[in-house]
Each structure stands twice: as structure tokens, then as C-alpha cells.
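Naming: A, B, ... by sequence-line order, numbering from 1 per chain. No hydrogens, no waters, no symmetry mates; every other heavy atom, side chains included, goes into these values.
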Amino acid sequence: GIQVEQSPPDLILQEGANSTLRCNFSDSVNNLQWFHQNPWGQLINLFYIPSGTKQNGRLSATTVATERYSLLYISSSQTTDSGVYFCAVERGGTSYGKLTFGQGTILTVHP
Amino acid sequence: KAGVTQTPRYLIKTRGQQVTLSCSPISGHRSVSWYQQTPGQGLQFLFEYFSETQRNKGNFPGRFSGRQFSNSRSEMNVSTLELGDSALYLCASSGVGTGNYEQYFGPGTRLTVT
């Protein structure tokens, strides 16, 4: 099956710093999503970005599908950004509804 | 639009029992996927239903089953519970058929097996 690798596994920042999270995947995809998992376990949609670049406030994401990677940028980080960030992909073809998740990046932002 | 809802939110069961979890998708979404999250294995795909048909299944034993109703609501059932089934179970819905495969997740059901 498709492999998804996220880096770094852990990231510790001071409030106000910028960061870049990376997601590498091993095959072509028709879906790539970034999520933030809140302390209660819910996955919050950040971006649906199978290709291209999107921005939402202090967050932006870029997916280079031909090179099989995606980047999530967080600028001017806040303590509320702390948590686990997941990248997940879905292959085309018969991978109906199957998202394959990376192991996540645990982000800690200190005041 | 209301989001994806899951019931119950928390559940404690004993080894050997069975459990049924419910998921109501976003209105208009016909695809529902289920995932299991554990500290050791991370987030793993269980199965996906579309228009009452299971189209895809992950690598889980037959004790894990599901179904989808005509209103797109879905249930998953785990029979003969084992301690290792303790996990957060998440469901997600998507409006496939529109060319957009984005999945939206519910708050999850946290199952503890004792």
C-alpha cells in the first residue's frame, strides 16, 4: 500500500516562531489532507490539497504532486497551535474512502 | 450544515462482549469511512460504505463489521471484544461523486475494553 512519512516527529517552538511540517508519500494521490487533532481526539480539517498551494490565515500548505510531497507552514505560532498534525492521502483507483495517515508531528508551542 | 456526529462518545465494555457504534454523516454525503486510532498503530482504516455497499475494507479481523442505511447513517459492530480493541473510533463522511474527496470527521467514540 501507499506509504506516508511525516517529519519531524516532534517540534518545540516559542510563541511567535514559524515552522514547516513535511509529508512524503510513495504514490500518486487524488486526495491529500492536513488535520490538527485537538486534545479531545477530533480531527480538524486544515487543508484539502491534492496539488497546488492554499492559505488560511497563519497557515498555508503546498503540495507538489509530481514530487510526492506536501508542506504545511505555520507562521507566528500561538500556544493554541499545540497538538498533533496529521497528513493523510488517498490513492486513486479502487482506494474508495481509504485515507492512509502518517504518524503525525507533535507540535508544542511555549509562551 | 451540521457536522458528522457519533454516538456514544464514551463506552466501557468487558472482554467478550460486543459493541455497536453509530455515525451520522453530513447531510448529502453518501460515503462513510471508519478508522481506529491507537497509540501503537496510529490511525488505521477499517472500511468504507457508499450507498449501502461496502466498497473498501482495511486489514482487520472479521469481528469488525459495519453497515450503512438508506439515509447514509452507518454503524460498526465489534464482536467478542478483546483488550486490544480499546481505541478511539472515528468516522468520516465525504461527498464523493462531486470530484471532491475531502473527508470530514466526527468527534469519535472512545471505547475501553476491560
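Criterion: ILVMFWY side-chain heavy atoms under 4.5 Å apart, direct or through other members. Under it, B:Leu21 and B:Leu83 are part of a common hydrophobic cluster. Cluster membership check: B:Val32 does not share its hydrophobic cluster with B:Tyr35, using side-chain heavy-atom separations under 4.5 Å among Ile, Leu, Val, Met, Phe, Trp and Tyr. If you chain together hydrophobic residues whose side chains sit under 4.5 Å apart, B:Val113 and B:Val19 fall into the same group. Hydrophobic clustering places B:Leu11 together with B:Leu46 (ILVMFWY residues linked when any side-chain heavy atoms are closer than 4.5 Å, directly or through intermediates). At a threshold of 4.5 Å between side-chain heavy atoms, the hydrophobic network of Ile, Leu, Val, Met, Phe, Trp and Tyr places A:Val89 and A:Tyr69 in two separate groups.
Side-chain contact check for A:Lys98 versus B:Glu48: every heavy-atom pair is 4.5 Å or farther apart.
Remark: B:Asn59 CG is loosely packed, at most 12 non-hydrogen atoms of other residues, nucleotides or ligands lying under 6.0 Å away. Other residues, nucleotides and ligands contribute over 12 non-hydrogen atoms within 6.0 Å of the CD1 atom of A:Ile44. Residue A:Glu5 qualifies as open at atom CD: its count of foreign heavy atoms under 6.0 Å is 12 or below.
Note that CD of B:Gln44 and CZ of A:Phe101 are 11.0 Å apart. Values are rounded to the nearest 0.5 Å. Note that the OH atom of A:Tyr96 and the OG1 atom of B:Thr53 stand 11.0 Å from one another [nearest 0.5 Å]. Here the straight-line distance linking atom OG of B:Ser94 with atom CD of A:Glu90 works out to 7.0 Å at 0.5 Å rounding.
Heavy-atom distances place the side chain of A:Asn45, and not its backbone, under 4.5 Å from chain B. There is no contact between B:Tyr49 and chain A, counting heavy-atom distances below 4.5 Å. Looking at B:Leu43, the atoms closer than 4.5 Å to chain A (heavy atoms on both sides) sit in the backbone and in the side chain alike.
When all heavy atoms of B:Ser33 and A:Gly97 are compared, the pair lying nearest together is OG-O, 2.8 Å. For A:Gln37 against B:Leu88, the heavy-atom pair with the smallest separation is NE2-CD2, 4.0 Å.
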Could you go through A:Leu43 and B:Gln37, starting from their C-alpha distance and side-chain angles, then the distance that decides it, and tell me whether this counts as side-chain contact (heavy atoms from CB on, under 4.5 Å)? CA-CA 11 Å; A:Leu43 289 169; B:Gln37 185 177 25; 5.9 Å; no

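Remark: of the listed residues B:Phe45, B:Phe105, B:Tyr101, B:Phe105 is the sole one forming a side chain to side chain contact (heavy atoms under 4.5 Å, CB included) with A:Leu99.
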